[in-house]
Amino acid sequence: MISRIDLRGDALPEGSALRDLLPRADFDVQAALEKVRPICEAVHHRGDAALIDYAEKFDGVQLESVRVPARALAEALEQLDPAVRAALEESIRRARLVHREQRRAAHTTQVVPGGSVTEKWVPVERVGLYAPGGRSVYPSSVIMNAVPAQEAGVASMALASPPQKEFGGLPHPTILAACALLGIDEVYAVGGAQAVAMFAHGTESCPPANMVTGPGNIWVAAAKRYFTGKIGIDTEAGPTEIAILADETADPVHVASDLISQAEHDPLAAAVLVTDSVELADAVEKELEPQVAATKHIEDRIVPALSGRQSAIVLVDGVDEGLRVVDAYGAEHLEIQTADAAAVADRVKNAGAIFVGAWAPVSLGDYCAGSNHVLPTGGCACHSSGLSVQSFLRGIHIVDYTRDALAEVAHHVVTLAEAEDLPAHGAAIKARFGWKVPESK
């Protein structure tokens with residue numbers, strides 16, 4: 001069901017050579033870009049009419065308006081299963097606890113007497129959030145996107161999620177209920193690339209946004225790339241990934257269940273075990289079969305994911321070598337199930353989120369750890385972070401110098417301007433001092 005890659009014996013290669021040995025899903029955003037281009041342009045030129053046409057074409061629903069009425073949000077919350085409501089409320093509570101601590105205060109550095117630089121943090125004015133609605137419904141993604149934006153102080157927020165034929169062209173009612181719990185009253189029944197285009201360009205119903213966040217399929221990722229530079233994005237999210245670094249102390253039942261938990265997202269989902277224990281590898285392989293047989297989404301998601309080229313058991317000589325492998329892989333979710341797991345986790349350099357020990361599975365982070373589950377995929381954890389309050393803030397420097405403070409450094413500014421052959425830069429300094437540069441003290 002799952003392949004093996006044996007990296008024992010020889011010295012591990014460095015950099016890209018090691019990354020090339022590791023499993024990864026095919027996810028060609030560039031190829032998808034050309035297919036979403038006409039969709040994005042149609043939304044630009046035809047607005048709501050294009051969105052309505054695409055709802056019929058892609059989702060099989062006929063809409064009169066893409067804006068979800070307020071009564072539908074209220075009804076979704078009223079009809080929500082009380083147990084689901086309680087779970088969503090607890091997820092929101094924990095997410096707020098964590099993200100509230102990420103707020104950044106303005107800070108002033110006194111460079112010299114009379115000369116200071118202040119960095120203040122300002123939230124983006126308007127954000128478009130995307131909640132997928134394909135194979136599964138993800139109210140948890142509504143929480144993970146909305147809470148950090150709210151805690152950052154974003155004033156205007158809208159959410160888009162695909163219209164569902166079985167719900168009369170509205171997004172899934174649990175998505176709507178999550179919006180109601182979070183106080184998001186601007187919701188659109190729009191999916192895919194056209195949702196990103198709606199937020200980027202704006203339409204008759206939806207004002208344009210400064211930023212779009214939220215996971216989605218390859219068409220959403222391609223649309224984000226298409227609009228990069230026009231709007232801010234969080235990341236071009238690819239298929240979900242779990243990597244587990246484990247030794248002989250790990251429980252194969254736990255390891256197998258955690259691999260399956262991410263494989264059920266998508267046939268392209270990646271499930272990777274890195275271990276120095278052949279006995280554990282054998283036990284996990286044996287454990288996968290009955291656990292897979294006992295669950296749901298077997299043929300359409302789990303089996304293709306586990307047997308695909310993106311998933312594997314990687315054998316290494318030891319935990320040190322395993323750390324090199326998981327750092328090269330840069331997993332979206334990385335579990336450490338080894339002896340002294342906290343110390344091993346502390347040595348990891350590249351991961352979207354790290355889950356320490358047997359009692360912190362990825363599933364906890366997906367819903368109720370308080371952490372964010374919108375994380376970098378496809379190896380992007382080597383240079384990018386998960387969604388946070390910081391994602392929605394812009395740092396602005398405020399430079400405040402007196403005449404004396406400028407005079408003290410004026411000769412250096414003029415010297416550097418002339419060294420770069422930009423004499424007008426120096427002239428802007430000289431003009432303030434009667435065209436004679438003050439001498440340094």
Side-chain angles (χ1 to χ4, degrees), residues 48 51 55 59 61 63-100 123-134 136-192 195-196 198-199 203 205-207 209 211-216 220 234 366-370 372-374 387 389 392:
D48 284 353
L51 298 175
D59 304 300
V61 300
L63 301 177
E64 293 184 4
S65 171
V66 294
R67 178 75 181 260
V68 174
R71 67 178 182 278
L73 296 169
E75 289 172 359
L77 185 56
E78 289 171 4
Q79 297 168 11
L80 184 64
D81 182 326
V84 176
R85 176 169 181 159
L88 289 174
E89 288 175 337
E90 181 62 13
S91 178
I92 293 168
R93 187 187 72 82
R94 294 185 178 211
R96 288 207 189 283
L97 284 174
V98 172
H99 290 84
R100 191 164 292 153
V124 295
E125 294 179 14
R126 178 169 165 81
V127 173
L129 310 178
Y130 186 77
S136 297
V137 53
Y138 294 105
S140 58
S141 288
V142 179
I143 295 169
M144 298 297 171
N145 281 270
V147 167
Q150 290 174 335
E151 294 301 324
V154 174
S156 176
M157 194 179 309
L159 181 135
S161 191
Q164 306 288 317
K165 192 172 185 178
E166 61 184 300
F167 300 111
L170 294 173
H172 195 284
T174 314
I175 295 287
L176 300 183
C179 289
L181 282 173
L182 288 157
I184 301 172
D185 57 10
E186 187 183 345
V187 181
Y188 297 90
V190 182
V196 181
M198 174 185 71
F199 288 135
T203 68
S205 296
C206 179
M211 184 177 185
V212 174
T213 71
V220 172
D234 51 349
D366 281 341
Y367 299 113
C368 288
N372 204 291
H373 79 201
V374 182
L387 202 65
V389 167
F392 299 96

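Along the sequence shown, the residues carry numbers beginning at 1.
No side-chain donor-acceptor contact under 3.5 Å links Tyr188 to the backbone of Met198. At least one donor-acceptor pair under 3.5 Å links the side chain of Gln164 to the backbone N or O of Gly133. No donor-acceptor pair under 3.5 Å is formed between the side chain of Thr213 and the backbone N or O of Asp234.
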(request) List the steps and the verdict of side-chain contact (heavy atoms from CB on, under 4.5 Å) for Ser156 and Glu125. (result) CA-CA 6 Å; Ser156 176; Glu125 294 179 14; over 6 Å; no
(request) Any chance you could lay out the side-chain contact (heavy atoms from CB on, under 4.5 Å) test for Leu387 and Met144, step after step, and finish with the verdict? (result) CA-CA 8 Å; Leu387 202 65; Met144 298 297 171; 5.7 Å; no
(message) Using side-chain contact (heavy atoms from CB on, under 4.5 Å), reason through Cys206 and Glu186 one step at a time and then give a plain yes or no.
(response) CA-CA 9 Å; Cys206 179; Glu186 187 183 345; 4.3 Å; yes
(request) Kindly indicate, with the supporting measurements, whether the criterion side-chain contact (heavy atoms from CB on, under 4.5 Å) is fulfilled by Glu166 and His172. (result) CA-CA 9 Å; Glu166 61 184 300; His172 195 284; 5.8 Å; no
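Of all heavy-atom pairs spanning Ile175 and Ala131, the tightest one is CD1-CB, 4.0 Å. When all heavy atoms are compared, the tightest approach of Ala76 to Pro173 is CB-O, 3.4 Å. Considering every non-hydrogen atom in both Pro162 and Tyr130, the closest pair reads CG-OH, 3.4 Å. Between Pro215 and Val374, the shortest heavy-atom distance links the atoms CD-CG2, 4.4 Å. What you find for Pro163 and Ala189 is that their closest heavy atoms are CD-O, 3.6 Å. Among all heavy-atom pairs drawn from Tyr367 and Ser91, the shortest one is O-OG, 2.6 Å.
Taking OG1 of Thr174 as the reference point, atom OH of Tyr138 lies at 13.5 Å (rounded to 0.5 Å). Once rounded to the nearest 0.5 Å, the distance linking CD of Gln150 with CZ of Phe392 reads 10.0 Å. The CD1 atom of Ile143 sits 5.0 Å away from atom CG of Leu88, with the distance rounded to the nearest 0.5 Å. Rounded to the nearest 0.5 Å, atoms CG (Asn372) and CG (Asp366) are 10.5 Å apart. The CG atom of Leu182 sits 4.0 Å away from atom CD1 of Ile92, with the distance rounded to the nearest 0.5 Å. Between Glu78 atom CD and Arg71 atom CZ the span is 12.5 Å, to the nearest 0.5 Å.
Identified under the side chain to side chain donor-acceptor pair (under 3.5 Å) test for residues 80-89, with sequence neighbours left out: Arg85-Glu89.
Residues Leu129 and Val142 fail the side-chain proximity criterion, which asks for heavy atoms closer than 4.5 Å. The shortest distance between side-chain heavy atoms of Asn145 and Leu159 does not fall below 4.5 Å.
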